[in-house]
Amino acid sequence: MITAPREHWGSRTGFMLAAIGSAVGLGNMWRFSYLAAENGGAAFVLLYLAMTAGVALPVLLAELMLGRGAQQGPLRALVHFGGARWRPLGWLFVGAGFLILSYYGVIAGWTLRYTAEAIWHGFPADAAAHFAQISAGPVAVAWHLGFLALTAGIVAGGIQRGIERASVVLMPLLFAILAGLAVYAATVPGAGTGYAYYLQTDFGELLSLTVLRDAAGQAFFSLSLGMGAMMTYASYLRRDADLPDEAVVIALSDFAVAFVAGLVVFPLLFALGLQQDVGASTIGALFITLPHAFAEMGAAGRAVGLLFFAALLVGALTSAISLLEVVVSSAIDRGWSRPVATLGLGGAVGITGIAAALDTAVLGVMDQIAGNVLLILGGLAIALFVGWSMRDPEAELAAGAGRVHWFFLWRGLLRFVVPAVLAVVLASAIPAALQSLRALFD
Ligand code: TRP
C-alpha cells in the first residue's frame with residue numbers, strides 16, 4: 001500500500017494551540033463552574049487541581065508519548081508498541097470518538113444557533129421555552145449538521161492548512177474574549193456575592209466519594225483524555241519534539257480557562273438573582289439560565305451574550321475538530337484519502353447524531369456512556385499499558401527531551417494511583433450508565 005508521507009505541525013506553537021483547543025471546550029465553560037459551586041467551591045477547585053496533576057497529567061503525557069512515537073493514529077499506536085493484542089483498544093478509541101462527536105455536534109449546534117440569534121435579534125425573554133423549541137427535532141438536526149459541516153471543512157484542510165491555521169487564529173480570540181468578559185463581569189453589581197458563591201470553601205465536601213469521582217471525571221473529560229485525541233495530535237509531531245513541558249502547559253491552560261469561565265458566569269447570574277437555577281446541572285442549564293440573564297441585561301446583554309456564545313462556539317469547534325481528526329486519521333492510516341475520509345466519516349457521525357438531536361434524553365445517555373464509561377476505560381487501559389506492559393517507556397519518553405526527570409514518579413502514578421482512582425470511578429459510573437440506558441427503553 002502506498003501512503004502519502006505523514007503530515008506534521010508547522011510549529012510548536014501551532015501544536016500547542018491545537019492541543020489546548022482540543023482540551024478547551026463545552027466541558028470547561030459550564031460543567032466546571034457548576035461542579036465547583038455544588039461540590040465545595042474552592043475545596044473542589046483544589047481537589048480538581050490535585051486530580052489533574054496526579055491522574056490526568058500522567059495519562060496526558062502517556063498519550064502524547066505513544067502518539068509521537070508511533071507516528072500513527074490511535075487505531076495503530078498501541079499495536080505499534082504492544083503488538084496485535086492491543087488492537088481492540090484502538091477500536092474502542094475510535095468508536096468513542098465517533099460517539100462523542102455525534103452528540104457533541106448537537107450541543108455545538110445549539111451554540112452555533114445562539115450565536116447567530118444574538119446577531120440577528122438578541123436573546124428571547126422566555127429562555128426556557130425557546131430552548132425547549134430548538135433543542136430537539138428537525139431544527140436541531142439541521143444546526144447539528146451545519147456545525148459538523150464547518151468542522152469537516154477545517155479537518156479536510158489537513159494538519160497545517162486546516163487544523164493548525166484554525167487553532168492559531170481561533171484560540172487567541174477565545175482567550176481575549178474570555179479575559180474581556182471576566183473584566184466586565186467584575187464590574188456588575190453583585191459580582192462579589194457571585195465570587196463568594198463560586199469559591200465558598202467547604203472542606204467537609206472533600207471527603208465524599210461523589211466529589212472525588214466528579215473531580216476525576218471532569219479532569220479527564222476536560223483534557224480530552226481516554227480516547228486517543230491527544231495521541232492523534234501528538235502523532236503529527238516530529239519524533240524529537242519535547243513532551244513533559246508541553247503536557248504541563250496544556251493542563252495549566254485548560255485549568256485557567258475553566259477557572260476564568262467561572263469568574264464570568266457567577267457574577268452575571270448573581271447580578272440577576274438567578275443563582276438558584278445553577279443547581280439544575282443539566283446540559284440545558286447553560287442554554288437557559290445564561291441566555292435568561294443576557295435577555296434581562298438589555299442591549300449590553302446582547303453584546304455580552306454574543307461574545308460569550310462566540311467564545312463557547314470557538315471552544316466547541318476546536319474540540320470537535322480534534323474528535324473528528326481521531327476518526328479521520330485512523331482511516332488515513334488505512335489508506336483512505338483525507339477528503340474521502342472527512343466527508344464519509346463526518347457524514348456518518350452526522351447521521352448517528354440525529355438520534356441525539358431528536359431527543360435530549362438520548363443525548364444524555366450517550367454522554368453518560370461515552371464520557372463516564374468509555375473514556376475512563378480507555379484511560380485505565382493506557383495507564384496499565386504504559387505503566388506495566390510497555391517495554392522501556394523511559395527511553396521512549398526521552399526521545400525528544402534528552403534527560404527525563406521525575407520518571408519514577410510518573411510511572412508510579414500510572415501503575416498505582418491512576419488505576420486505583422479510575423477503578424473507583426468506573427465502579428460507580430457503569431451501574432449508573434446501565435440504569436439510564438434501561439430507563440431510555442422503558
Ligand atoms: N475536552 C473537550 C471539552 O472540554 C471535549 C473533548 C474534545 C473531548 N475531545 C475530546 C473529551 C476527547 C474527551 C475526549 O469540552
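Numbering of residues begins at 1 and proceeds along the displayed sequence. Given the structure is predicted, the values throughout are model-derived calculations rather than measurements. As the structure lists them, so they are numbered: ligands from 1, and atoms in each ligand from 1.
Close contacts between ligand 1 and Met227 involve ligand atoms 12 (C), 14 (C) [criterion: under 4.0 Å to a heavy atom]. Set against the non-hydrogen atoms of Ser222, the atoms of ligand 1 under 4.0 Å away are 1 (N), 4 (O). Interface atoms of ligand 1 facing Asn28, defined by a heavy-atom separation under 4.0 Å, are 4 (O). The ligand atoms of ligand 1 that sit less than 4.0 angstrom from a heavy atom of Leu323 are 9 (N), 10 (C), 12 (C). The distance from ligand 1 to the heavy atoms of Ser319 drops below 4.0 Å at these ligand atoms: 2 (C), 7 (C).
Residues Phe81 and Phe385 place their aromatic rings such that the two centres sit no closer than 6.0 Å. With ring centers used as reference points, Phe287 lies under 6.0 Å from Tyr114. You'll find the ring centres of Trp388 and Phe416 inside the 6.0 Å limit.
Residue Phe220 places every heavy atom at 4.0 Å or more from ligand 1.
The protein atom (non-hydrogen) at minimum distance from atom 11 (C) of ligand 1 is Phe221 O, 3.4 Å. Looking only at heavy atoms of the protein, atom 4 (O) of ligand 1 is closest to Ala23 O, 3.0 Å. Atom 5 (C) of ligand 1 has its closest protein heavy atom at Tyr104 OH, 3.7 Å. The nearest heavy-atom contact from the protein to atom 13 (C) of ligand 1 is Leu375 CD1, 3.5 Å. Ranking protein heavy atoms by distance to atom 6 (C) of ligand 1, first place goes to Ser224 OG, 3.5 Å.
Annotation: Val24 places no N or O atom under 3.5 Å from an N or O atom of ligand 1; distance criterion only.
Tyr197 and Phe270 have tilted rings, their planes meeting at an angle from 30° to 60° on a 0 to 90° scale.
Pairing each heavy atom of Gln160 with each of His8, the nearest pair is NE2-O, 2.8 Å.
Salt bridge present: Arg6 and Asp333 bring a charged side-chain N and a carboxylate O closer than 4.0 Å.
Here the options are Leu269, Val304, Ile177, Leu181, the test is side-chain contact (heavy atoms from CB on, under 4.5 Å), and the partner is Val264; only Leu181 passes.
Asp367 places no side-chain N or O within donor-acceptor distance of the main-chain N or O of Leu363, the cut-off being under 3.5 Å.
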